[in-house]
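Here's the structure, in C-alpha cells; my notes come after.
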Amino acid sequence: MRPPLPDTTPIRPANDPAALDEAAAILRAGGCVAVPTETVYGLACDASNAEAVAGVYEAKGRPRFNPLIAHVRDLAHAERLVDLPETGRRLAEAFWPGPLTIVAPKRPDAPVSDLAAAGLDTLAVRAPASPAMAALIAAAGAPLAAPSANRSGAVSPTRAEHVAESLSGRIHLILDGGPCAVGVESTIVAVTGDPVRLLRPGGTPRAEIERVCGHALSFAAGASDRPEAPGQLTSHYAPRSAVRMNASAPEPDEAFLAFGEQRSVNAVRVMNLSPRGDLAEAAANLFSGLRALDGAAPCIAVAPIPDYGLGEAINDRLRRASARKD
Ligand code: TXA
Ligand code: MG
C-alpha cells in the first residue's frame, strides 16, 4: 500500500539529511517525491515498483504509454539495466553524471517494472549530476523512475515552487534544491542501432556528443512527434498563451521573451532569457520565463535564438510550445 497523500505537499531543503531520510523512506514505501536534478525537477519513484510508477502517472495525469527514464548511480549501475554497446559506454563515460539520457536494449532481468518502460524492450537510463538524486538512488536501493515533475503537457519545473503549483496534494514530498542549473531536460540519444540517433535535444549539446561518437547524429525535428520517443508529442511543452517564435519585436498586445542586449520595446510584459546573449543562461531561464509570461497576454513573442549549442534544445522546446493545440 502506498503512503496516503497529504492535503498540502510538504517542501523540505534538499541538502537536509533528515529530509533525505524522509524522502528515501517514502520511496521505499512506494510513494513519489519531487527531487531537483541539474536539468529540471523530477518526480521520482522506485522504478521496480509498478504501483509506485502508477502513482507517478496518476499524479501527472500522463498518458500511460509514455516510458520513463530510469535514473542510476553510474555506468556500472546502468549496465545492470541495459545492454550498452561500446559507443553507449563511451557516451556514459564522457557525460555522466550529467544531462545525457541513453536509450538501449533493456536487459530481461532489469529491476524495472514494465509499466515504467511502457512495455518497450528498450530502456532510457541516465546518471544525473544532482547530490540529492544520487543520495536517493543509493538510499532507495533501486533505480528511480522520474519524469519531469509537472502535470502532463505543462512546461517542466525548474524551481520547487513550480512543482508545488501543479502537484501539491498529488505527491508525497518536494525537496527544494533551488533553481536547476541547466534548466532544460537531458539530451536523449538511442544507441539501439548504428549510427547513434538524437531523440530529443537537451542539456548536452549535440556537437559534444558527435565528437565522442565520431559521426553526425541523425535527428528529424518533425519526426519526433512520431512514437519512437512516444513522449515527444509536438505540443508537449504547452503554455496557455500562444507562442510566436523568431519575433524581432513584439506587438504592443503581446508579452515578449527577449534574448541578448535589449532595445526598449512596447509590450505587455518583458522577460529577458539572457541579456548578455549566453545560451546556457537562457536555457536555465527558459521555463521560468515562459511561466512568468504565460497568461499575461494572448501571445508570447520570442526573440530569435541562435540554433547552435544549447540553442538547439531551446528552439526545440519553443517549437513545441508554439505548436497549435487543437
Ligand atoms: O532531464 C531529464 O531528462 C528529466 C529529469 C527529471 O531527469 N526527465 C525527463 O523525463 O525529462 P520525461 O519523462 O519528462 O521525458 C523523458 C522522455 C519522454 O519523452 C519519453 O518518451 C522518452 O524520454 N523515453 C523514455 N524511455 C524511452 C525509450 N525507451 N525509447 C524512447 N524514448 C524514451
Ligand atoms: Mg516531461
Side-chain angles (χ1 to χ4, degrees), residues 32-45 47 53 56-57 59-72 81-82 95-107 110 112 114-130 132-134 136-137 143-158 162-163 166-167 175 177 180-193 197-204 223-238 283-284 286-287 313 316-317 320-321:
C32 52
V33 178
V35 188
T37 81
E38 77 280 31
T39 57
V40 300
Y41 277 72
L43 184 55
C45 72
V53 174
V56 163
Y57 286 122
K60 284 182 63 82
R62 161 178 271 208
R64 301 215 162 195
F65 49 77
N66 250 1
L68 305 181
I69 297 170
H71 293 73
V72 295
L81 275 50
V82 291
F95 298 108
W96 284 358
L100 179 72
T101 294
I102 301 176
V103 173
K106 180 169 171 277
R107 290 176 59 104
V112 171
D114 278 337
L115 190 58
L120 300 176
D121 54 9
T122 57
L123 184 68
V125 290
R126 148 167 139 83
S130 132
M133 194 71 162
L136 287 180
I137 296 166
L144 296 180
S148 50
N150 51 272
R151 296 280 194 110
S152 187
V155 295
S156 295
T158 53
H162 300 162
V163 179
S166 69
L167 294 177
L175 293 177
C180 298
V182 177
V184 292
E185 301 87 341
S186 60
T187 302
I188 305 181
V189 295
V191 297
T192 44
R197 283 158 308 134
L198 179 63
L199 300 184
R200 175 176 78 179
T204 301
S224 64
D225 52 349
R226 263 173 265 128
E228 169 156 35
Q232 302 305 300
L233 304 172
T234 304
S235 68
H236 192 70
Y237 298 88
L286 177 64
F287 289 128
D316 174 75
R317 302 304 183 272
R320 291 172 198 285

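Source: prediction; values computed, not measured. Ligands are counted one by one from 1 in listed order, and the atoms in each one are counted from 1 as well. FYI, side chains are in, hydrogens and waters are out, and symmetry mates aren't considered; it's all heavy atoms of this structure.
Only the side chain of Val103 comes within 4.0 Å of ligand 1, judged by heavy-atom distances.
Heavy-atom separations between Ala146 and ligand 1 include at least one value shorter than 4.0 Å. Ligand 1 lies out of reach of Lys106, whose nearest heavy atom is not under 4.0 Å from it.
Of all the atoms in ligand 1, the ones that sit under 4.0 Å from a non-hydrogen atom of Ile69 are 3 (O), 8 (N), 9 (C), 10 (O), 16 (C). Per-residue contacts place Thr39 under 4.0 angstrom from the following atoms of ligand 1 (heavy atoms of the residue considered): 1 (O), 2 (C), 4 (C), 5 (C). The atoms of ligand 1 that sit less than 4.0 Å from any heavy atom of Thr122 are 28 (C), 29 (N), 30 (N).
Closest heavy-atom approach to atom 14 (O) of ligand 1 within the set Ser148, Pro128, Ser152: this belongs to Ser148.
Panel note: side chain Arg151, backbone Ser166; a donor-acceptor pair is recorded below 3.5 Å. In this structure, the side chain of Thr101 does not engage the main chain of Ala124 through any donor-acceptor pair within 3.5 Å.
For Thr158, there are no side chain to side chain donor-acceptor pair (under 3.5 Å) partners, not counting sequence neighbours. Contacts of Thr39 classified as side chain to side chain donor-acceptor pair (under 3.5 Å), with partners at least two apart in sequence or in another chain: Thr37, Arg126.
For Ser186, a nitrogen or oxygen atom sits less than 3.5 Å from a nitrogen or oxygen atom of ligand 1, counting backbone and side chain alike.
For the 3.5 Å distance criterion, the side chains of Glu185 and Ser148 fail to qualify, holding no donor opposite an acceptor.
Between Cys45 and Cys32, the shortest heavy-atom distance links the atoms CB-CB, 4.4 Å.
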